[in-house]
Protein chains: 2
Amino acid sequence: MIDECKALSNETRLRILNWLKDPEAHFPCGDTAELGVCAGLIQQKTGASASTVSAHLAVLQRAGFLQATRRGQWIYYRRDEARIRAFAEDLHHTL
Amino acid sequence: MIDECKALSNETRLRILNWLKDPEAHFPCGDTAELGVCAGLIQQKTGASASTVSAHLAVLQRAGFLQATRRGQWIYYRRDEARIRAFAEDLHHTL
DNA sequence: TCGCTATTTCGCTAATTAACGAAACATACC
DNA sequence: GGTATGTTTCGTTAATTAGCGAAATAGCGA
């Protein structure tokens with residue numbers, strides 16, 4: 001629970017999660033098939049450096065909110081909706 | 001939302017919130033009338049220093065999770081259930 | 001293998017958080 | 001006012017987080 005709360009304690013990471021809720025709308029010129037959105041597009045949209053965004057994505061992945069799939073030199077990220085929902089409900093019950 | 005998530009990103013603070021869910025059960029030898037639990041009892045139960053616990057309680061108060069009432073030299077803390085519930089639901093909708 | 005692109009990891013700096021003991025402040029009593 | 005207790009604030013140290021640029025790694029095509 002603490003890792004998840006820490007993952008959500010950052011504006012950029014909240015934004016990324018929100019964008020990935022509706023990839024087609026937020027990444028119109030990207031191939032956002034069921035694999036998700038590639039790291040490069042996410043990086044561009046945040047306006048931060050590639051290394052910073054990579055670290056953010058890693059935090060979100062470690063918290064269980066994102067799943068990653070490598071396809072060649074591209075890595076696609078998508079939300080793990082089940083984990084996100086489970087966390088939200090768990091938190092609701094814990095508080 | 002970020003302040004709230006940060007407030008929850010600490011084991012001791014989570015514990016305090018949980019204890020204050022049911023004050024009578026967790027603080028049996030304390031006067032836990034509707035004012036809540038006095039800071040000294042909370043401090044003792046955490047096992048941390050008074051200054052540390054004071055800082056934790058301040059974080060929880062700033063996040064809106066706790067309300068404080070001073071009665072003479074004692075300060076009593078209680079949960080703000082409405083704010084806690086609102087945050088949990090807001091988070092649920094945001095994620 | 002080389003050159004290129006995509007991405008992560010590393011090294012660094014700066015800011016924030018966590019914890020403590022001491023000092024300061026708030027309240028009460030004699 | 002002096003003393004005592006409860007609590008917060010301050011000053012300090014240590015750990016963690018945030019962000020960057022450079023270096024390293026991963027994958028691809030010629």
Side-chain angles (χ1 to χ4, degrees), chain A residues 1-17 19-20 23 27 29-33 35-78, chain B residues 1-17 19-20 23 27 29-33 35-78:
Chain A
M1 172 153 300
I2 288 183
D3 269 358
E4 287 99 330
C5 289
K6 280 183 179 177
L8 298 176
S9 306
N10 175 276
E11 189 64 52
T12 301
R13 292 200 286 274
L14 283 180
R15 240 186 253 128
I16 290 172
L17 278 177
W19 292 335
L20 293 185
F27 300 92
C29 49
D31 177 11
T32 56
L35 289 184
V37 182
C38 76
L41 286 183
I42 297 173
Q43 181 255 314
Q44 280 171 28
K45 194 171 174 66
T46 66
S49 71
S51 57
T52 298
V53 173
S54 181
H56 282 317
L57 294 171
V59 169
L60 288 170
Q61 192 176 357
R62 199 182 66 234
F65 295 143
L66 296 186
Q67 290 187 311
T69 306
R70 182 178 269 272
R71 282 289 181 270
Q73 67 194 48
W74 284 275
I75 306 193
Y76 296 83
Y77 290 87
R78 64 189 182 280
Chain B
M1 173 155 295
I2 289 182
D3 269 357
E4 287 98 330
C5 288
K6 281 184 181 177
L8 299 177
S9 303
N10 175 275
E11 189 64 50
T12 301
R13 292 200 286 273
L14 283 179
R15 242 187 251 125
I16 290 172
L17 278 178
W19 292 335
L20 293 184
F27 300 92
C29 49
D31 178 7
T32 58
L35 289 184
V37 182
C38 77
L41 285 182
I42 298 174
Q43 180 255 316
Q44 278 171 30
K45 194 172 175 65
T46 66
S49 72
S51 56
T52 297
V53 174
S54 182
H56 281 317
L57 295 171
V59 169
L60 289 170
Q61 193 177 355
R62 200 181 65 233
F65 294 143
L66 295 187
Q67 291 188 313
T69 306
R70 182 179 267 272
R71 281 292 181 269
Q73 66 197 44
W74 284 273
I75 306 195
Y76 296 85
Y77 289 87
R78 63 190 182 280

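In what follows, chains are A, B, ... by sequence order, proteins preceding strands, each numbered from 1.
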For residues 36-69 of chain B, which residue pairs pass the ring-ring contact (aromatic ring centres under 6.0 Å, His included) check, not counting sequence neighbours? F65(B)-F87(B)
Identify the two heavy atoms, one from [X] and one from [Y], that lie closest to each other, and give their separation to 0.1 Å.
X      : Y      : result
I75(A) : A68(A) : CG2-CB, 4.0 Å
S9(B)  : S9(A)  : OG-OG, 3.5 Å
P23(B) : V37(B) : CB-CG2, 3.8 Å

For DNA chain C, what residues of residues 49-60 of chain B have any heavy atom nearer than 4.0 Å? S49(B), S51(B), T52(B), H56(B)
Is there side-chain contact between I2(A) and K6(A), with at least one heavy-atom pair below 4.5 Å? yes
Side-chain heavy-atom pair L8(A), M1(B) within 4.5 angstrom cut-off: no
Nearest-Å distance for atom pair CG/P, residues L66(B) and dT8(D): 11 Å
Contacted region of DNA chain C by chain A, from 5' end to 3' end of the hits, cut-off under 4.0 Å to heavy atoms, spans dT5(C) to dT9(C)
Tabulate protein N/O versus nucleotide N/O from nucleotides 15-17 of chain D, keeping only pairs under 3.5 Å, one per line.
{"from": "dT17(D)", "atom 1": "OP1", "to": "K6(A)", "atom 2": "NZ", "distance (Å)": "3.2"}

Roughly how far, to the nearest 0.5 Å, is the OH atom of Y77(B) from the OG1 atom of T69(B)? 9.5 Å
I need the L60(A) CG to E4(A) CD distance, nearest 0.5 Å. 11.0 Å
G72(A) backbone acceptor or donor facing R70(A) side chain under 3.5 Å: yes
Can you tell me if Y77(B) touches the phosphate of dT8(D), counting only side-chain N or O atoms and a distance under 4.0 Å to OP1 or OP2? yes
Among residues at least two apart in sequence or on other chains, which ones pass side-chain hydrogen bond (donor to acceptor under 3.5 Å, both in side chains) with S51(B)? S49(B)
What residues form a side-chain hydrogen bond (donor to acceptor under 3.5 Å, both in side chains) with T12(B), not counting sequence neighbours? none
Check side chain to side chain contact (heavy atoms under 4.5 Å, CB included) between Q73(B) and all other residues, then give those that pass, not counting sequence neighbours. none
Just by protein heavy atoms under 4.0 Å, how would nucleotides 25-30 of chain D read 5' to 3' in B, S and -? -SBS--
Less than 3.5 Å apart, which donor and acceptor atoms pair up between the side chains of residues 38-48 of chain B and the rest of the protein, not counting sequence neighbours?
{"from": "Q43(B)", "atom 1": "NE2", "to": "A48(B)", "atom 2": "O", "distance (Å)": "2.9"}
{"from": "T46(B)", "atom 1": "OG1", "to": "Q43(B)", "atom 2": "O", "distance (Å)": "2.8"}
{"from": "T46(B)", "atom 1": "OG1", "to": "A48(B)", "atom 2": "N", "distance (Å)": "3.1"}

